[in-house]
Colleague: 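Following this message is one structure expressed as C-alpha cells.
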Amino acid sequence: MLNITLPDGSQRQLPDGATGYDVAASISEGLARNALAVTVNGDVRDLHRALPDNATVSILTWNDTAGKSTYWHSSAHLMAEALEALYPGVKLAIGPAIENGFYYDVDLGEGRSISSEDFPEIEKKMLELAKNKSRYERKEVSKADAIAYFTEKQDPYKLELLENLEDGNITFYTQGNFTDLCRGPHIPDTGNIKAAKLMNVGGVFWRGDANRQQLTRVYGITFPKAKDLAEYLERLEEAKRRDHRKLGKELKLFAFSEKVGAGLPLWLPKGTALRERLEQFLRKAQVKAGYLPVVTPHIGAKELYVTSGHYEKYGADSFQPIKTPNPGEEFFLKPMNCPHHCEIYKTEPRSYRDLPVRFAEFGTVYRYEQSGELHGLTRVRGFTQDDAHLFCRPDQVKDEFMKVIDIVLYVLKALDFNDFTAQISLRDPENKAKYIGTDENWALAESAIIEAAAEKGLTTTTELGEAAFYGPKLDFMVRDAIGRRWQLGTIQVDYNLPERFDLEYTAADNSKQRPVMIHRAPFGSLERFVAVLIEHCGGNFPLWLTPEQFIVLPISDKYSDYAYQVKAQLEQHDLRGTVDGRDERIGRKIRDAEMGKIPYLLVVGEKEAQDNIISVRKHGEGDLGSMPLEAFVKSVQSQMVEAM
RNA sequence: GCCGUUUUAGCUCAGUGGUAGAGCACUUCCUUGGUAAGGAAGAGGUCAUGGGUUCAAAUCCCAUAAAUGGCUCCA
C-alpha cells in the first residue's frame, strides 16, 4: 500500500502502483476528469505515472499555473506534430510553455516560411490531431538510442541538445505520430485541447546566438474550451484598446518626433498637466515623510561616473561624452541621479545623529537604450525618475524600508492599483562572491527587508539570486485592471556607491562608519508610470488626477456667457475644465466630450441659465439630471477625498 | 544591435508601373439646435529620406531613418 498525503494534510492509502489519476479519482470523478498532471513532493509529474510511497501529492488542473503550463507544453508538441504533417522535413529545436501559451522554434529549411496566412491551416490540423485523443506516452531511452533516433531523423538541434544530457536521464514523449526529446511532464492525452490559435511568428537565433542558424518561432495558445479562447482574444482586444501609445495620441497626452529623436517623448499640455499633478502628489507625501528635495544638473563630469563605476560598465554603450573647448574635458548626460546625490551627502560631515537623511529629486536621466527596445513611454531614452536616496545607519534599514513601503502603498491605493505582491530579491546563497558588501551587512539588510514586508502585511514572494550585485531589493509586482503584471515601486539597498564615493558618518564612539544607501522610486519613472496608469484605467483617470475634470456644453451660443460663468465658479473651487464654445449641436458636443473621456459634461441652456443650475452628465453613465452648482461641487469633492 | 513587417493629407486608412484618393479633423458660409456625428463649399500631399531600374515609380531594387512584432539587453 502507498501512503499519500494531500495538500490539506489528509492521508490516503492506495494500492501499490497507483497513479496521480487514481488519487484524483479517489477524491472525485470531476477532479479525475479535469486532472492534467500532479505534483509529487513539489515536482510536476505525469498524471499516469506510478507514485512513490509517502509522497505529498496535489492534483493539477487548468486552474493551476503549473497545470496550464503542462497543458501548453503538451500543446507545443501537438503543434509540432501538425507542423511535421504540413511541412515534411521540418527540423525542431525547442518548444516550451510561456506565460500565455507556448512556442516552438523550428527550422523549415531553405526557401520555406510560415506567415500568419498559414495559421488557420495549422490550427485546423492541430485540432484534427487533438480529436484522436492520442496519449502522451513517456519512454526512458538510452543516450545512444536517442542519438540514433535523431540522427535517423536528421535533426541537428535535438542532437545538440542531447550532447548536454546525461545518459539514464533521457526521456522521449510520443503522441500520435510524433516523438520528441522531452523531460516532460505532459497531460494525459490530446483530447482536452479543444481550441487552438497561432498568435505570431518571428525569427530568432538558435540558442539566442546571432552567429548561428536563424529559426522561425511560432507562438500559439490553446484552451480546453472554445469559450476560453474567445475570452482570451477579447482580453487582447481590450489591451489594444487601452494601449497607451494609442490613447496617448487620442487624448493628446504625449507625442514623439523623428526630428527630436527616437525614444525622446514630448509631453503635450494635457499630458504635462497629468504628470505634474502626479509629481505634486508624491512630492507632498515625501515632504511629510521627511524627504529633502534637491536639484542636480543633467550632466556630470566624466570623473563622477568613473568614481561611480558607470563609466567602466556602460560608457561605451551609451550616449557619448559632451566635449568642451578645453582639451580632455568631458561631460556625460546623467544616466542616474545617485552619484550626484552622493556628492550632496558629502558636502558636510555627517553625524550618526543626522541620519537618516533623504534626498529626493524628480531627476531626468538619459540612457541610450537599444533601438529595438524602445516602446512607447515604457522604454525611452530620456525619462524622469521619482528618485530619492536615503542614507542611514545599518540599524535603520528596516525602519526606512517600512516608511518607503508606506509611501508606495499610499501611491498604489490613490491610483487604484489594488492587486499586487511584493517581490523580495535576495542574494544567491550558493554564490556569495558575486556580491559586494560584507556578509554581516547583507544578512542585516535582507532580514530587515523581510521583516519590514512582513510587518506591513505584504503578500510576498522571495527570489534567491535576483538581488543586484550591490544589494538586495523589494519590488512591487502590480496587476492591472485587465490582469497584466507590471513591476512598479522599487526599493533597493546599495553597498556599492557609499564605498566608491567613500561616504561616511561619525558614530557615537567617534569612529568613521559607512552609511547604507537606499534607492527608491515608487513610480519608477514618470514616463513608464503614466503608460501603465493609462493602460490600467483605459484613459479614464481618477478624478483628482485627470487633466480636465469637467467641460461645460452650452446648448447654443446664446448661453455661452452663462457657460463661462459656470466654469469660473467651478475654478474657484479648484476644479479644472473648459467650455465647448463651438458652433455645434449639443449631440455633437456630448459625443466629442465622451470620446475625450472627460468625467463630467455640464449641459447649460435656457433652463439652467434661468435657474442658475447645471445639467450633469457623467462619462459613460449618462444624464444625472440638473442640480445647483454647489451640490455638484460637493459631490465631486467628496469623491476625490474618498479616493485619496 | 539582430531578424521580420510597416511608413501615402493633422488622424485612421484605400490605392501593384501610366495625371494622388476616402472618412474624420481643419477653414468659410448656412443653421440657434436639449443628452453620442446638422448641411454645403473650400483648403490641405516632393506618397519617410537619399540613390537606382524604367519612356514612365507611391508602386520594382538598394541604402538610411523612424514605428512596430520578436530576439538580445536593461545601471
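These numbers come from the heavy atoms of this one structure, side chains and all, not from hydrogens, waters or symmetry mates. A note on names: the letters A, B, ... follow the listed sequences, proteins ahead of strands, and every chain is numbered from 1.
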Colleague: Write down the distance separating the C1' atoms in G1(B) and A37(B), rounded off to the nearest Å.
Modeller: 47 Å
Colleague: Any N or O donor-acceptor pair under 3.5 Å from the base of A36(B) to the side chain of R585(A)?
Modeller: no
Colleague: Taking 4.0 Å as the cut-off, does a side-chain nitrogen or oxygen of H375(A) come that near to OP1 or OP2 on A67(B)?
Modeller: no
Colleague: With sugar-phosphate meaning primed atoms plus P, OP1 and OP2, does I586(A) contact a base, only sugar-phosphate, or nothing at under 4.0 Å between heavy atoms?
Modeller: sugar-phosphate
Colleague: With rounding to the closest Å, how many angstrom separate the P atoms on G50(B) and G42(B)?
Modeller: 32 Å
Colleague: Picking from A67(B), U72(B), G69(B), which would you name as closest to the side chain of L374(A)?
Modeller: A67(B)
Colleague: Check every strand shown and say whether S615(A) touches a base, only sugar-phosphate, or nothing at a heavy-atom separation below 4.0 Å.
Modeller: base
Colleague: Base, sugar-phosphate, or nothing for Q385(A), non-hydrogen atoms under 4.0 angstrom?
Modeller: nothing
Colleague: Across the strands shown, which category fits E250(A) at heavy-atom distances under 4.0 angstrom: base, sugar-phosphate, nothing?
Modeller: nothing
Colleague: More than 12 heavy atoms of other residues, nucleotides or ligands under 6.0 Å from NZ of K252(A): yes or no?
Modeller: no
Colleague: With the side chain of E373(A) defined as its heavy atoms from C-beta on, choose the nearest nucleotide among C73(B), G34(B), U35(B).
Modeller: C73(B)
Colleague: State which of C71(B), C11(B), A66(B) makes the closest approach to the side chain of K249(A).
Modeller: C11(B)
Colleague: NA contact type, G261(A), heavy-atom cut-off 4.0 Å: base, sugar-phosphate, or nothing?
Modeller: nothing
Colleague: Would you mind telling me which of C74(B), G33(B), G38(B) lies closest to the side-chain atoms of E584(A)?
Modeller: G38(B)
Colleague: Hey, which of these two, G263(A) or K607(A), hits RNA chain B nearer its 5' end, going by closest nucleotide?
Modeller: K607(A)
Colleague: What's the closest nucleotide to the side chain of E594(A) if the choices are A65(B), C71(B), A36(B)?
Modeller: A36(B)
Colleague: Starting at the 5' end of RNA chain B and moving along, which residue's nearest nucleotide shows up first, V604(A) or M336(A)?
Modeller: V604(A)
Colleague: Please give the distance between the C1' atoms of U5(B) and A9(B) as a whole number of Å.
Modeller: 24 Å
Colleague: Just to be sure I understand the rule, does G587(A) reach a base, reach only the sugar-phosphate, or reach nothing, if contact means heavy atoms closer than 4.0 Å?
Modeller: sugar-phosphate
Colleague: When we call it a touch if two heavy atoms are under 4.0 Å apart, what does R245(A) touch: a base, just sugar-phosphate, or nothing?
Modeller: sugar-phosphate
Colleague: Report yes or no: is the ring centroid of Y314(A) under 5.5 Å from the six-membered base ring centroid of A75(B), with the two planes under 30 degrees?
Modeller: yes
Colleague: Is any side-chain nitrogen or oxygen of S556(A) closer than 4.0 Å to OP1 or OP2 of G33(B)?
Modeller: no
Colleague: Classify K589(A) by what it touches in the nucleic acid, base, sugar-phosphate, or nothing, heavy-atom distance under 4.0 Å.
Modeller: nothing
Colleague: When rounded to the nearest Å, what value does the distance between C1' atoms of U12(B) and G18(B) take?
Modeller: 29 Å
Colleague: Starting from the C-alpha separation in whole Å, work towards a yes-or-no answer on side chain to side chain contact (heavy atoms under 4.5 Å, CB included) for T307(A) and E303(A).
Modeller: CA-CA 6 Å; T307(A) 301; E303(A) 192 50 35; 3.8 Å; yes
Colleague: I'd like to know if R207(A) pairs up with E160(A) as an ion pair, taking the criterion as any Lys NZ or Arg NE/NH1/NH2 lying under 4.0 Å from an Asp or Glu carboxylate oxygen.
Modeller: yes
Colleague: Please state whether the base of U32(B) and the side chain of D583(A) form at least one donor-acceptor pair under 3.5 Å?
Modeller: no
Colleague: Record whether the side chain of E369(A) comes under 3.5 Å of the base of G1(B) through a donor-acceptor pair of N or O atoms.
Modeller: no
Colleague: Which whole number of Å gives the distance between the C1' atom of G45(B) and that of G15(B)?
Modeller: 14 Å
Colleague: Using Watson-Crick or G-U wobble geometry with both distances under 3.5 Å, which nucleotide pairs with A25(B)?
Modeller: none
Colleague: Tell me which nucleotide among U32(B), C3(B), A65(B) gets nearest to the side chain of D557(A).
Modeller: U32(B)
Colleague: Strictly below 4.0 Å: does K259(A) bring a side-chain N or O up to OP1 or OP2 of A66(B)?
Modeller: no
Colleague: Relative to Y368(A), does R381(A) satisfy both conditions: NZ or CZ under 6.0 angstrom from the six-membered ring centre, and within 45 degrees of the ring's axis?
Modeller: yes
Colleague: Using a heavy-atom cut-off of 4.0 Å across all strands, would you classify F256(A) as base, sugar-phosphate, or nothing?
Modeller: nothing
Colleague: What's the gap between G23(B) and U46(B) when it is taken at their C1' atoms, as a whole Å value?
Modeller: 25 Å
Colleague: Between E250(A) and K597(A), does at least one N-O distance fall below 4.0 Å, as a salt bridge requires?
Modeller: no
Colleague: If you check every side-chain atom of P335(A), which of G1(B), G34(B), A75(B) has the closest atom?
Modeller: A75(B)
Colleague: Can a donor-acceptor pair under 3.5 Å be found between the side-chain atoms of R367(A) and the base atoms of C74(B)?
Modeller: no
Colleague: Can you find a side chain N or O atom of Y219(A) that sits less than 4.0 Å from OP1 or OP2 on C71(B)?
Modeller: yes
Colleague: Name the pairing partner of G34(B), where a pair is Watson-Crick or G-U wobble with both distances under 3.5 Å, or state none.
Modeller: none
Colleague: Is it possible for you to check whether R479(A) lies under 6.0 Å from the centre of the six-membered ring of W486(A), through NZ or CZ, and within 45° of that ring's axis?
Modeller: no
Colleague: Are a donor atom and an acceptor atom from the side chains of K334(A) and T296(A) found within less than 3.5 Å of each other?
Modeller: yes
Colleague: Say you pick atom C1' in C47(B) and the same atom in U19(B); how far apart are they, in whole Å?
Modeller: 14 Å
Colleague: Is it true that D502(A) and R514(A) make a salt bridge, defined as a side-chain N closer than 4.0 Å to a carboxylate O?
Modeller: yes
Colleague: May I ask you to say what V204(A) touches in the nucleic acid, namely base, sugar-phosphate or nothing, with a heavy-atom cut-off under 4.0 Å?
Modeller: sugar-phosphate
Colleague: Choose from G34(B), G1(B), U35(B) the nucleotide whose nearest atom is closest to any side-chain atom of Y368(A).
Modeller: G1(B)
Colleague: Whether R588(A) contacts A25(B) is assessed here as follows: a side-chain N or O lying under 4.0 Å from the phosphate OP1 or OP2. Is that the case?
Modeller: yes
Colleague: Say we look at A58(B) and C3(B): how far apart would their C1' atoms be, to the nearest angstrom?
Modeller: 26 Å
